[in-house]
Each structure stands twice: as C-alpha cells, then as structure tokens.
K.L.:
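Provided herewith is a single structure, encoded as structure tokens, for subsequent inquiry.
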Amino acid sequence: MKYAYYPGCSLKGTGRAYEESLLAVLRVLDVEVEELRDWNCCGATTYMSFDELQSYALAARNLSMAKQAGHDLMAPCAACYLVLNKTQYYVRDYSWIGAIVEHALDAIDLPKDISAKVRHPLDILLNDVGLDSIRAKVVYPLRGLKVAPYYGCQLVRPYALFDSQRNPTSMDRVLEACGAQIVYYPVKTQCCGGSQKGTLPEVGLDLIRHLLAEAQRNGAEVISTVCPLCQFNLEAFEEQASNAHQFHFPVLYFTQLLAVAFGVPLTDAGFQRSFVSIKPILAQREIAYA
Amino acid sequence: MELQRVVKFEAERDPEFVRWITQTVGGERIRHCLQCGLCSGSCPLSLYMDYTPRRLMHLSREGFKEEVLSSYTIWLCTCCYACMVECPKKINITHMMYALKTRAIREHFYPKRFAIPVLAREFSRMIRGSGRITESRLVMRVFFKTAAWRLLGFSKLGLQLMRTGRMRLGREKVEHRADIVTLLNAVDEMKKELAR
Amino acid sequence: MPDARNGGSAPAAKIGVYVCHCGTNIAGTVDVRALTEYAAGLPDVAVAREYRYMCSDPGQELIRRDIKDCGLNRIVVASCSPLMHEPTFRGALIQAGINPFLLQMVNIREHVSWVHTSKQEATTKAKDLVRAAVRRVRLHQPLEKRRVEINPSVLVVGGGIAGIHAALNIANSGKHVYLVERQPTIGGHMAYFDKTFPTLDCAACILTPKMTAVGSHRNITLWTYAEVAAVEGYVGNYKVKVRHKPRYILDDLCIGCQECVEACIYKEGRWADEFNFGLSKRKPIYLPFPQAVPQKVLIDPEACIEFKSHKCKKTCVEACGERKAIDFNQRESFDEIEVGSIIIATGFKTFDASRNVYYGYGKYKNVYTSLEIERLINASGPTGGEIVLSDGGKPKMVGIVHCVGSRDHNTNRWCSKVCCMYSLKLAHLIRERTGAEVYNFYIDMRTPGKGYEEFYDRLLDEGVHFVRGRVAEVTDWPVHPSEKGKLIIRAEDTLAGFVRRIPVDMVVLSVGLEPQADARDVRRLFNISCSEEGWFLERHPKLAPVSTFTDGVFIAGACQGPKDIPDSVAQAGAAAAEAMALADAKYVELEPYTAHVIDEACSGCKTCLTICPYTAISFVEETKTARVNEVLCKGCGTCVATCPSASIEQNMFEDQEIFEEVEGLLAYA
Amino acid sequence: MLNAVELANGNGHASSEATEPRIVGFFCTWCTYLAADLAGTSRIKYSPNVRVVRVMCSGRIDPQFVLDAFARGADGVLIGGCHPGDCHYQQGNYNCLRRSRLLARVLRQLGIEEERFRVEWISAAEGDRVRAVVDDMVEKLRKLGPLHPSQPDPFPILGQERRLQEVTA
C-alpha cells in the first residue's frame, strides 16, 4: 500500500501533532506514504469565497501532480479533503469549469488528468488496512477510555462516500478496535465554527462551547478529531469556553489515540504539543503507554 | 427607537441578479425552494443571522440584491454543508453562499474592516505570494487589518502555541512560486474569455 | 304494564338491557357499571350487561345468546344514536328469531357522554333515559316492514361533469336516466376550461365525447333548459314534475345547422354572451357554444325584435325553411316522470368578486375573475385563446390573487380547495402564452392530490413568483414612477418580511366556490338538508358521503362541497352505484311507522283527512270512519296528534309508548 | 307505581338534583334530533338537564305529551322541529306550531310560566344551536325554580286519567 501524502498547510503548523501521529501510525501498519512534491495550498473554504474558479485551479494543481505520482492522494485535513473532492466533482459536472481548470494546468505544463483518488486516512484505515490488521497491532489497549468522536462538518459533508453524512461511524469503529469506548455524541458532525473564532469570536466560542459541553454531558474523557481546525478550536478555547462547567479535555487527533494503542512513544505522536496532557487520564485508567 | 418606512417597489428588484443566481453554480435549483426553513433550522449559525438562509433564498430568487449581498448571513456561513445535505429540494445552498460571497466581495458589498472578507482577501494574497498558508502570519495580517487590539487577547494562546512548537513564523512556500501566479492568471484570462 | 287502548295483556315482558362502552367514548364519561347495575334492578329486566363494543359481532352475540337462553322478548341497547346502529341491533334480533321492533335504543353517546363532562350528571341522565326505554319497550308490538317496488329509472339533476358521468354510468348499466339541466347545454363549469390541472390535458377533448355520448345515448332522456318543478313520493317511487323553459325552437326539428343564426337580421352580435361572461357578444338567436349538447339553438326573447315589435322580417324563419324549427309561440311546458332514485349534481357558483371592494373588480377594466381568464385562454373563447388586456395589448406583468372569497370570515370561511391548483394552471398558461411575469399571492399553497405537488414544483421552476401574503388592495394610484399606468397590488411578502407594491397590467382574482344561489330551494324540493354554508348535507361525512337523509336521494360533485374534477367524477360514480344498487334490489323495505285508525273510536270528523300532506287518509262511507292507506302514509304522525277522539295510532310511536317514555324519564327522579 | 328497586336506585340522586331544572325534549328525527347528534359528534358541551324523546315529526307531538311531562314533574318542555318550510313531511312543523300557540295559552292559564314551554326550529346542521337553546332554557328555569316543589301532581284531572291506567295495571 502506497499513497501520495497531501499534508496541507495546517499539518505543517498548528496541526503538526496530526502529521506526526498519522505518519507514526501508518508506519506501524506498514502503509507507505510519500509527501506530494511541491504541493500547494488547496485554497480551503476561504479562497472559495474569494474566487471559486481560482481555488479549483489551485486544488487541480495538486490533483494533477498526484495523478502523475500514480498513487491515491491521502488528505488528512477535512478542508483539503473537501476542496480536492469538490474540485473533481465540479470539473466533471460543469464542462466550462473543466475548460478553465485545464487551461490553467496547461499554462504550467501539467497534465489535465486530475482523476487521482482523494482519500482520507479514516477511509484508508477502514477499507484498505482493515480493522483486523489494526487490532493485530494493538499493544496497549485503550481499556474503555471514554472518547467523544468528533468528525466535524467537512469530512463527511457533502462528499465522503466512505461514511454516512448524517451519522458517520468510521472513527468510532477504528477507535473501538483499539479498545476505546465511544460515548454518545449527537453533535459529532456539527460545525466548530471554523475560522469564525478568529473573525467573530463570540459566535465561534458559542459553537465551541456547545461541542465541549455535549462531550462533557456524555461523560467523555477525551475528544477525538479528524481535522486540524476542529482540533485547534476545541483545544485552544477550552478555557475561554468554560462557564458553568469547566472544560479540561485533551482534544486529540484520532491518530494520536491509535499511536498510544500501538505503543508509539507519546513524544513521537505529538502529545507534547497538547495543551492538556493525557497522561493523568491514562494513568487513572491504567492504560500503559510508551 | 426610530420609525422607518419600509415598502419595497418592484423597481428595486434586480432581475439580472435573479438571472445570475439561477444560472450560477449552486443557485440552479433555488427556484424549487419551498421555504420550509429546514436550512435555517439545521444551520448552527442562523441564530446570529440578520436573514435566515430560508429568507435569503426567497430574497435572492425575488431579486432583492441589496438585502442579499449586504446581509451578514453569507459571511456567517461556515460552509458546514448541514443545510445542503438536509435540503428536501436538493438545493446546493452552501455552494450558493460561496457564489454570493464572491460576488459580494467583487462588488464591495460588505462592512468596512469586516474581518471575514478581509481574511478571504489576505488568504488569497498569501497564496498568490507563496502558494501556501502560514497560519500565524495570516492571523496577524487579518488582525492588523481589522481589529489589532484583539491580538492582545491572543497573546497567551500565542505563547502556548509557540511553546508547543505549533506556531511557525518561518514562511511556508512552494518551490515553483511562479507556477502559482501563472496558474491563477491563466484562470483569469480564461474567465475574461468566457465573459466575452 | 298492559295498555288500555291496545287492550288485552301482552305477554309478560322479559327485558334485556345492554350497555355499550364504545371504548372510552361512553365509558369515559358514563359510569357504565353503575348504569348496568341500575338497569338490572328495573322491573321486568331479566338481564343487564355491559360490553366494550356492543355493535361488534361478539357484542351482538351477547344479545342473541341471551334472547335464546333467557327467552328475552324485549331488548334495550344503550349505546350510540339509533340513526347510527338501530339497523345493526334490529338485525341481531332477527337473527335471534324475534321481531326487530321489540328493540329500543338509548342514545347515551351523542346525547350524553359526548356532550356532558360531569360523570355523575352524565350517569344520572343515562339512568333516566334507560329507565324510560325500559318502560317504553314493554309496549312495543311486533311490526312488519312494508315492501315497495323500486322503479329502476333514475333522475339526474344537473348536467355538469358529475351529472354527465353519473348519467352515463347508469345508462350503460341498461337503466333509464332522465338528465335535467337548467342551462341550454350540458357541460357545466368544465366546458369553460381550456386545460385541466395538473396534466394540462385539454378539457374539451375529454369532456366533449362524454357530452355527445349523453346526447346520443338511447337510455338517456336529456332535457336541457329545464328545471325540476316538483317532487313527491318516496324511495323507489318518486314522481317528478319537470318544467321546460321555452327556447322558441322545436328541439326535434332543429338540426343545429345555425343557418338561422347566420340569417338573423342582426349581422353582429349585440348582447352579452353568457357563456363568455359578456367578454363577447351574441345575436338574439344563438348556439350557447360550438360544442353545445344538444346542438340546438335558442332565442333570447329579451333581444329578439319579433318579441318586442312583432315586425321582424323573420329572416331566421326563412333560413330554417322547410325544417320549420322556429316557434315564436312556444310556451313553457311540463313533463311528469316516475323514477326510483334521484342524483343531485347541481354544482356550485363562483364567489362574486365585486363583494371584495378592495380588489377593484368591476372598477378597473383589467381585473378579471379566474373564470373570465379561463375563457380568454380558451381557444374557442372570445379572443381565440389570446390573453389580452381590455385595450387589446399583451400583459407584461400579471398578478394572481388567491383565496378571493375563501378562508375569510367576512365572506366564506371555507377553503375552496381547487383555487390553488387552478391558479397554478392559469399561471403556467399565462406565462406560456404571453411570457409575462406572473405573481401568485397566496396564504398557503394547498396541493394535495396525485401529481399536484409535482405541478407546484414545476411552476416554481418556471420562475413564477410566489408571494406569501393575502393581497390587501389593488389600486391604480402610483406612488413610484415605475407604477404609472399600472394596477398596483399591495401585500406583505411574509416570507421576505416586508410589504411589497407590485405593479401589474392584469389582475386575476381566483374566486372561491359557493353553493348555488338557490341551493336552499333545491334542497326543500328534494327534502334533503344543507350544511350551514348551504352545501348539501351527506348522510355521513365518511361512510355515506353521497347519501342523504332522504332514502333514494343522492348527491354528487360540488353541490356537496368544493371539489375538483377527479373528485366530482369519483363521487358521481359512487352516487351512480348507489342508485343502481337500489334499482337492482328491485324492492325496498319501508319503516312500518304508519298510522292506523281504531274504527270503533273514530267519530268520522274528517279532521285528519285535511291534515294529511299525502292524502293517505280517506273516508269510508259505509263505516263512516277514516282509513289510512298504508302505502301512501309516510308515518309523520301528524294525524295522530290531531285526532280529537284519539282514535288514530302510529306504530312505534303510540301515545301510550310516549307517555311511558315521558313518565320513565321523570319517574320520581 | 314505585317498586322497591326503583326507589332505591331512582332516588339515589334525587336530593343532589333537587334544585336542578328537569327538561323533557320532544325532538323530530330529521332535524333537531340530528342536530343533537351533531352536537355530540362535534363534542359540543351543554347542560345535562334535558331528556330527549324522539318522534318522527314535530307534528306528532300531542299537547297531552307536554301536559303529561309537566304533570310528571318536568320543570320545562322543549319542542324541537325543522325550520318552517323544511319539514321532512312538508308541513308537520306548521301543525305543531299551531298547536303550541294554543297550548302555550292553556299553560299560562294553568299558571305555568311561558319560559317553561319552548318551541324551537333547529336544523340538522345547527348542532351548536342545541347547546345555545338548552343552556339558555336551563338558565331561565334556574331563575324560576322548580315548577311544583311540594306536590307531585298539580293537575288532578290530568292525573286521574293516568292513575286510572295505573290502577288497571
């Protein structure tokens, strides 16, 4: 199994822990990945609202290069995942968009073919690696660690074909395979506000607070995420969001929990980058870790 | 409280806008809207909107361009696609919001120093410049252009990020930066072409 | 307790009382256990039982078994209204081998549990009623129902789509139908339409064949320009008098060539054409409309010179020549027919838009009613299908105002059901034919029905404007340059959240449906009831939707309530089936509630003779007493109450029985 | 003619209802009885004071029924028929009306207040009118009080005939 790896800007910045843990986990599972050479920002949702067509072109550049590399393109960031997919759909559904994109690729001597399959790590773990091989690699089971699975919006909506748009369960299953206990989390696909926290603080904070409160109400010990922006929002503003109830969750990437289970040293899985340490919880649950 | 006379004359409607929205990507099915309000109901931000998505749909298809493009709604939309997935008439609401944003930016239909469009603009500039985003720098720029004082509120967070090595000040960039510019320009050429 | 008048002592009564819970309908308000125990204690009551649903088969079985096992000879059932289940329980008595009229029902549902709230009071009342019934039933006598033959032919009143469909159904079954239509042609409202929703198939194409079929069917006697003048008789044997208005044309001689119309000395039409609501003009002699059935012209005496001055050249008569079909001296004539059942399909009339002054109907030239627009759109209409303004120009903006004369406590409270759909249809046609911007002003869009919602969706997609808000006014007073020379519609766009002023060239008022102006006279004529609004009342809104409280009289179509074409046709089919079932039964059983004279008591004063509305009482010279003809007697009992010597009795309602009932009700309560 | 059981059960509520006016209604099958049924199906609530006797037509109502009702202890009598012109039997309600006019006068002479005897035309569609009429009548009768609190039979003559029948029982 080999994939072209498209980190996206966040995984090089606030989301470094995601990249570290992801790569570590894939290593354990002997999944080969190669970072896409000279990838560029996908444009995310923000560029979309500035100029949709340009953002398609930006995404297309990556897709075209991935096709050349000859592997499926692994996009861990939900926003990237969405934009890359969306681009493919639109180029397919609207010939005139296709024409523009092709023209643009032409201008930088890239092949028009942007049909590289865009995959999310969850998709890969579930459908290519498989739960059995994941179970097989577990050395330190998570022993019923109570996890709130937070998928956020853009991973499953509107394009994810590997999971339900209304009630996704892929992360649940992967984590359960590592012995974690998934708590009821009805807001698993509700929006975290994205960049709203920066632009309209009180609004963003409201959404974040709701997500944290729901996790607490359902007795979660940690929140598991699949998207760097979700992770950042929930973690960075726990304190601000705290009101009646104090929030003090480790907000992790699902890959970090896998890493624990696989016996990857915490420091290799970016735990040192968390604001809230997970160690006390692991200790309390008597979950061993490397 | 001041009294204000509100009555809409047909002359204030903009048929061109209706034509545009019903032909633009995402707006094609807007006419099918039943005004059931499920979009507003499922939207996590509708609570803050001056016009709920449902109302925006109606205003758009009736051609009240002013109201639509100057409404906060389109900026509050975080593009979480909840409305679009739920919509019983399969209207691509989120995509339409993008379209409205782009047009609002193009026609300068947003409040001065309003952070969201500024972010979009800065974001695009940064990409044009280096092909990638360096979050820390982007955030700085936006704040300086909108509400610098708010930055102070973030100093603690900044330190935390710094300490955990998640805030890089070094600039992320692609090797072939020229490519990006060429790419984007190519798009613009083509657009002009199509316009003609 | 024996009866002085009937003499002789009836066999000792053995009464069974059966109290129904009707689920919680009764048991919820009446203490059924207490009631049953109480009944058990009443004199002559041998058995008293309660059961969840007496009308169910196990319920009836209780009664049947007790009659057999305990030898009951009188039954009291305390349940719902006798008008609901009396037949059911009488059936049970018959099955158990005793006479069905030895039953008395007590209405403790409609008259007690459903209208009272205090359990104690309700139970008390129920006890009184049961007590009365128990006392009354002891006097009940075995009675035999009267059998009367049924005349298989049927009268259908009204030649709209409902009447047409019913008539054809029955005629095709081989029975004879008299179809009486007030207008000079059949076709009703449907004949006005160009297209029908939601399929948009051409109204004429589907209606005309049915009309001609009626005209040519050997089992149908079609009388247009005629009205029912009088009805007497009873189920199976109605005598109906039909008045033929003079059309001054001899039907059987006129071949519909219309040469007379050509020849009329008026070269151009001058008089408002009724069929086009005055949007076009006709001559004094005319054919209502091209596809009219029958294809017979008629003369308007108000317009024809011959009638005014008797000095006309009578070019029409010349033109008619040998056929001699024109008869200026024709007078109204009558026909007497006998039928077994009657189907009333007299349809509806549309709301008079001028009643709503704010919409400017009759004031502004370009405000039309939906029916007028139907004519404008109709290819055979005054403009040949051209939708034009009063000045002949094409409308660029058109406003369609829904709910005119509907859902409004100032006019009609009800929803007229069809307006939303026909407004959508008109919106589509207007847009299609003129390319105008069309605005629909609605309160709620009501599109239940096969393919209806889909049609609405289609209209949405066609870019028709939908403004949710009831129109406040239509005015020609511009307050904005863009409104000059237009009709401005003012309404709140409740979905946008502000008031809008929309200037249009043409306003279409979607008028609601109303009962016919003379609905109340018609219902008297046929002895049926009307709802408060004036729609004919069905026997049961769910289970007997086309029957009335008068046996052998059925209703179909919009005369029973607003209905679209499919519903009207379906109802017409149902009514036809009812009529045919009746006819095929050959005979019907009548309640034996007739009156009879007790000869020895009769003084021969003849008071009763004058009072009987059915002349069922005659005077027998030999005995010098009155005698009731049981076949003619309908059992109203007026004569009984009138007889000064108390020598007339009515089965089931004998004085003694009623005295007992009254006494039972009040007995030391 | 009481019997032990009836006494036992019948009087159960006598005291509690003593002050409540008791009304006997004579309703024609085709209009007023139907209206009362409609009131039921529409769950319209009204005072439980009226006890209905069903007759085919208001024309069947013999003045004796009314007198007897009063004699037996009714505080009021309500006759319900079809509206003029709507009679199922063409004119029964007119006959009823004529008799009632006469009867009303007789009653007045017997000292029975006119509010105690009422003739109403209620069509099959007027369920709510049943409520209105009954409630209104009950209201008026409450004001008047019971017709004859002390002796059960204010009209010996009428009484005799009835007693005669009872004796022959």
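Throughout, protein chains are lettered first and strands after them, A, B, ... in sequence-line order, and every chain is numbered starting at 1.
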K.L.:
Search all heavy atoms of A:Phe50 against all heavy atoms of B:Ile105 and return the closest pair with its distance.
P.N.:
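Looking at all heavy atoms of both residues, the closest pair is CA-CD1, 4.1 Å.
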K.L.:
With only heavy atoms counted, which part of A:Ile97 is less than 4.5 Å from chain B, the side chain, the backbone, both or neither?
P.N.:
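The side chain, not the backbone.
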K.L.:
Which atom names give the shortest non-hydrogen contact between A:Gln54 and B:Leu184, and what distance separates them?
P.N.:
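Shortest heavy-atom contact: CB-CD2, 3.7 Å.
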K.L.:
Can you tell which part of B:Glu86 gets under 4.5 Å to a heavy atom of chain A, answering side chain, backbone, both or neither?
P.N.:
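For B:Glu86, the contact with chain A is made by backbone and side chain together.
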K.L.:
Give a yes-or-no answer on whether the side chains of A:Ser10 and B:Glu135 include a donor-acceptor pair shorter than 3.5 Å.
P.N.:
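The criterion, which ignores hydrogens and geometry beyond distance, is satisfied for B:Glu135 and A:Ser10.
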K.L.:
Dump the intermediate steps for side-chain contact (heavy atoms from CB on, under 4.5 Å) on A:Tyr47 and B:Ser124, then the final yes or no.
P.N.:
CA-CA 6 Å; A:Tyr47 206 111; B:Ser124 57; 3.5 Å; yes
K.L.:
Among B:Thr182, B:Asp188, B:Ile116, which residue has the highest count of heavy-atom pairs closer than 4.5 Å to chain A?
P.N.:
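Option with the top pair count is B:Ile116.
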K.L.:
Tell me, for B:Val139 versus chain A, whether the close heavy atoms (under 4.5 Å) come from the side chain, the backbone, both or neither.
P.N.:
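Neither; nothing under 4.5 Å.
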K.L.:
Quick check on the interface: out of B:Leu183, B:Val187, B:Thr78, who has the most heavy-atom pairs with chain A under 4.5 Å?
P.N.:
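Highest number of heavy-atom pairs under 4.5 Å: B:Leu183.
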K.L.:
I'd like to verify something: which residue of B:Thr94, B:Ile133, B:Leu119 has the highest number of heavy-atom pairs under 4.5 Å with chain A?
P.N.:
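Option with the greatest count: B:Ile133.
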K.L.:
I'd like to verify something: which residue of A:Ala17, A:Cys9, A:Ser195 has the highest number of heavy-atom pairs under 4.5 Å with chain B?
P.N.:
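Between A:Ala17, A:Cys9, A:Ser195, the count favours A:Cys9.
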K.L.:
Are any of the side-chain heavy atoms of A:Leu200 and B:Tyr72 separated by less than 4.5 Å?
P.N.:
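No. Closest side-chain heavy atoms not under 4.5 Å.
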K.L.:
Would you mind checking which part of A:Tyr159 comes under 4.5 Å of any heavy atom in chain B, side chain (CB onward), backbone (N, CA, C, O), both or neither?
P.N.:
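Side chain of A:Tyr159 only, per the 4.5 Å heavy-atom cut-off to chain B.
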K.L.:
In terms of heavy-atom proximity below 4.5 Å to chain B, should A:Tyr94 be classed as side chain, backbone, both, or neither?
P.N.:
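Looking at A:Tyr94, just its side chain touches chain B.
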K.L.:
Counting N and O atoms only, with roles assigned by atom type, does the side chain of A:Arg16 sit under 3.5 Å from a partner on the main chain of B:Gly165, one being a donor and the other an acceptor?
P.N.:
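Yes: the side chain of A:Arg16 pairs with the backbone of B:Gly165.
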K.L.:
Are the side chain of B:Arg166 and the backbone N or O of A:Arg273 linked by a donor-acceptor pair below 3.5 Å?
P.N.:
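It does hold such a pair.
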K.L.:
Measuring from atom CD of A:Gln272 to atom OG1 of B:Thr164, what distance do you get when rounded to the nearest 0.5 angstrom?
P.N.:
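Reported to 0.5 Å precision, the distance equals 9.0 Å.
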K.L.:
Salt-bridged, A:Asp51 to B:Arg106, with N to O below 4.0 Å?
P.N.:
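Salt bridge absent between A:Asp51 and B:Arg106.
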K.L.:
Would you indicate whether the side-chain heavy atoms of A:Arg166 and B:Val85 approach each other to under 4.5 Å?
P.N.:
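Yes, side chains in contact.
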K.L.:
Atom CZ in B:Phe123, atom CE in A:Met48: separation rounded to 0.5 Å?
P.N.:
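Atom-to-atom, B:Phe123:CZ and A:Met48:CE are 10.5 Å apart.
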K.L.:
Quick one: what part of A:Glu235 sits under 4.5 Å from any heavy atom of chain B, side chain, backbone, both or neither?
P.N.:
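Contact with chain B is through the side chain of A:Glu235 alone.
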K.L.:
Among A:His210, A:Gln240, A:Gln190, A:Lys12, who wins on heavy-atom pairs under 4.5 Å with chain B?
P.N.:
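Top count of heavy-atom pairs under 4.5 Å with chain B: A:Lys12.
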K.L.:
To the nearest 0.5 Å, what is the distance between CG (A:Asp38) and NE2 (B:His176)?
P.N.:
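The CG atom of A:Asp38 sits 5.5 Å away from the NE2 atom of B:His176.
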K.L.:
Might you point out which heavy atoms bring B:Leu45 and A:Gln196 nearest each other, and give the distance in Å?
P.N.:
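Closest pair (atom of B:Leu45, atom of A:Gln196, distance): CD2-NE2, 4.1 Å.
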K.L.:
Test B:Pro44 against every option in A:Cys192, A:Cys153, A:Cys191 by the side chain to side chain contact (heavy atoms under 4.5 Å, CB included) rule and name the one that passes.
P.N.:
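It is A:Cys191, the one option of A:Cys192, A:Cys153, A:Cys191 that forms the side chain to side chain contact (heavy atoms under 4.5 Å, CB included) with B:Pro44.
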K.L.:
To the nearest 0.5 angstrom, please state how far the CD atom of A:Gln165 sits from the OH atom of B:Tyr81.
P.N.:
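So the CD of A:Gln165 and the OH of B:Tyr81 are separated by 11.5 Å.
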K.L.:
Just give me the residue among A:Leu53, A:Thr189, A:Asp106, A:Val101 that pairs up with chain B most often, heavy atom to heavy atom, under 4.5 Å.
P.N.:
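Greatest number of close heavy-atom pairs with chain B: A:Leu53.
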K.L.:
If you tally heavy-atom pairs under 4.5 Å against chain A, which of B:Lys156, B:His95, B:Met126 wins?
P.N.:
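Heavy-atom pairs under 4.5 Å are most numerous for B:His95.
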K.L.:
Which bit of B:Ala99 is near chain A, if near means a heavy-atom gap under 4.5 Å: side chain, backbone, both or neither?
P.N.:
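Answer is both: backbone and side chain atoms of B:Ala99 are under 4.5 Å from chain A.
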K.L.:
For B:Lys173, is it the side chain, the backbone, both, or neither that has a heavy atom closer than 4.5 Å to a heavy atom of chain A?
P.N.:
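Answer is neither: B:Lys173 stays 4.5 Å or more from chain A.
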K.L.:
Between B:Val25, B:Ile74, B:Thr134, which has the largest tally of heavy atom pairs under 4.5 Å with chain A?
P.N.:
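Heavy-atom pairs under 4.5 Å are most numerous for B:Val25.
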K.L.:
Please identify, among A:Ala78, A:Ala107, A:Gly194, A:Ala57, the residue contributing the most non-hydrogen atom pairs under 4.5 Å to chain B.
P.N.:
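It is A:Ala57.
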K.L.:
Between A:Leu207 and chain B, with a heavy-atom cut-off of 4.5 Å, which part of the residue counts as in contact: side chain, backbone, both or neither?
P.N.:
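For A:Leu207, side-chain heavy atoms alone lie under 4.5 Å from chain B.
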K.L.:
Report which part of B:Tyr98 has an atom under 4.5 Å of a heavy atom belonging to chain A: side chain, backbone, both, or neither.
P.N.:
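Looking at B:Tyr98, backbone and side chain both touch chain A.
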K.L.:
Looking at every heavy atom in both A:Arg37 and B:Glu175, which two are closest together, and how far apart are they?
P.N.:
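Minimum heavy-atom separation between A:Arg37 and B:Glu175: NH2-OE1, 3.1 Å.
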K.L.:
Could you look at A:Glu239 and say if it's the side chain, the backbone, both or neither that has a heavy atom under 4.5 Å from chain B?
P.N.:
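For A:Glu239, the side chain is the part near chain B, not the backbone.
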K.L.:
Does A:Lys279, at its NZ atom, have more than 12 non-hydrogen atoms belonging to other residues, nucleotides or ligands within less than 6.0 Å?
P.N.:
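12 or below, so no.
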K.L.:
Please find the pair of heavy atoms, one from A:Trp39 and one from B:Val174, that lie closest to each other, and give the distance.
P.N.:
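Scanning both residues, the minimum pair turns out to be O-CG1, 3.1 Å.
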K.L.:
Please indicate whether B:Gln35 has more than 12 foreign heavy atoms, meaning atoms of other residues, nucleotides or ligands, lying under 6.0 Å from its CD.
P.N.:
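Yes, CD of B:Gln35 has more than 12 neighbouring heavy atoms, counting only those of other groups under 6.0 Å.
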K.L.:
What part of B:Arg128 gets closer than 4.5 Å to chain A, counting heavy atoms only: side chain, backbone, both or neither?
P.N.:
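For B:Arg128, the contact with chain A is made by the side chain alone.
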K.L.:
Quick one: CG on A:Asn40 to CZ on B:Arg177, what's the gap to the nearest 0.5 Å?
P.N.:
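Between atom CG of A:Asn40 and atom CZ of B:Arg177 there are 13.0 Å.
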K.L.:
Would you mind checking which part of A:Ala99 comes under 4.5 Å of any heavy atom in chain B, side chain (CB onward), backbone (N, CA, C, O), both or neither?
P.N.:
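Contact with chain B involves both backbone and side-chain atoms of A:Ala99.
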K.L.:
Test side-chain contact (heavy atoms from CB on, under 4.5 Å) on B:Trp75 and A:Thr199; report intermediate values, then the result.
P.N.:
CA-CA 10 Å; B:Trp75 302 116; A:Thr199 48; over 6 Å; no
K.L.:
Taking side chain as everything from C-beta outward and backbone as N, CA, C, O, which of these in B:Leu194 sits under 4.5 Å from a heavy atom of chain A? Side chain, backbone, both or neither.
P.N.:
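Looking at B:Leu194, just its side chain touches chain A.
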K.L.:
Give, as side chain, backbone, both or neither, the part of B:Asn185 having an atom under 4.5 angstrom from any heavy atom of chain A.
P.N.:
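Contact with chain A involves no heavy atom of B:Asn185 at all.
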K.L.:
Would you name the heavy atoms of A:Thr45 and B:Cys79 that are closest together and state the gap between them?
P.N.:
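For A:Thr45 versus B:Cys79, the nearest heavy atoms are CG2-CB, 4.3 Å.
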K.L.:
How long is the gap from CZ on A:Phe232 to CG on B:Leu161, to the nearest 0.5 Å?
P.N.:
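One finds 5.0 Å between CZ of A:Phe232 and CG of B:Leu161.
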K.L.:
Most heavy-atom pairs under 4.5 angstrom with chain B, which of A:Asp109, A:Leu105, A:Val156, A:Leu82?
P.N.:
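Ranked by contacts with chain B, first place is A:Leu82.
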K.L.:
Looking at B:Met84, B:Arg103, B:Arg132, B:Gln160, which makes the most heavy-atom pairs under 4.5 Å with chain A?
P.N.:
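Top count of heavy-atom pairs under 4.5 Å with chain A: B:Arg132.
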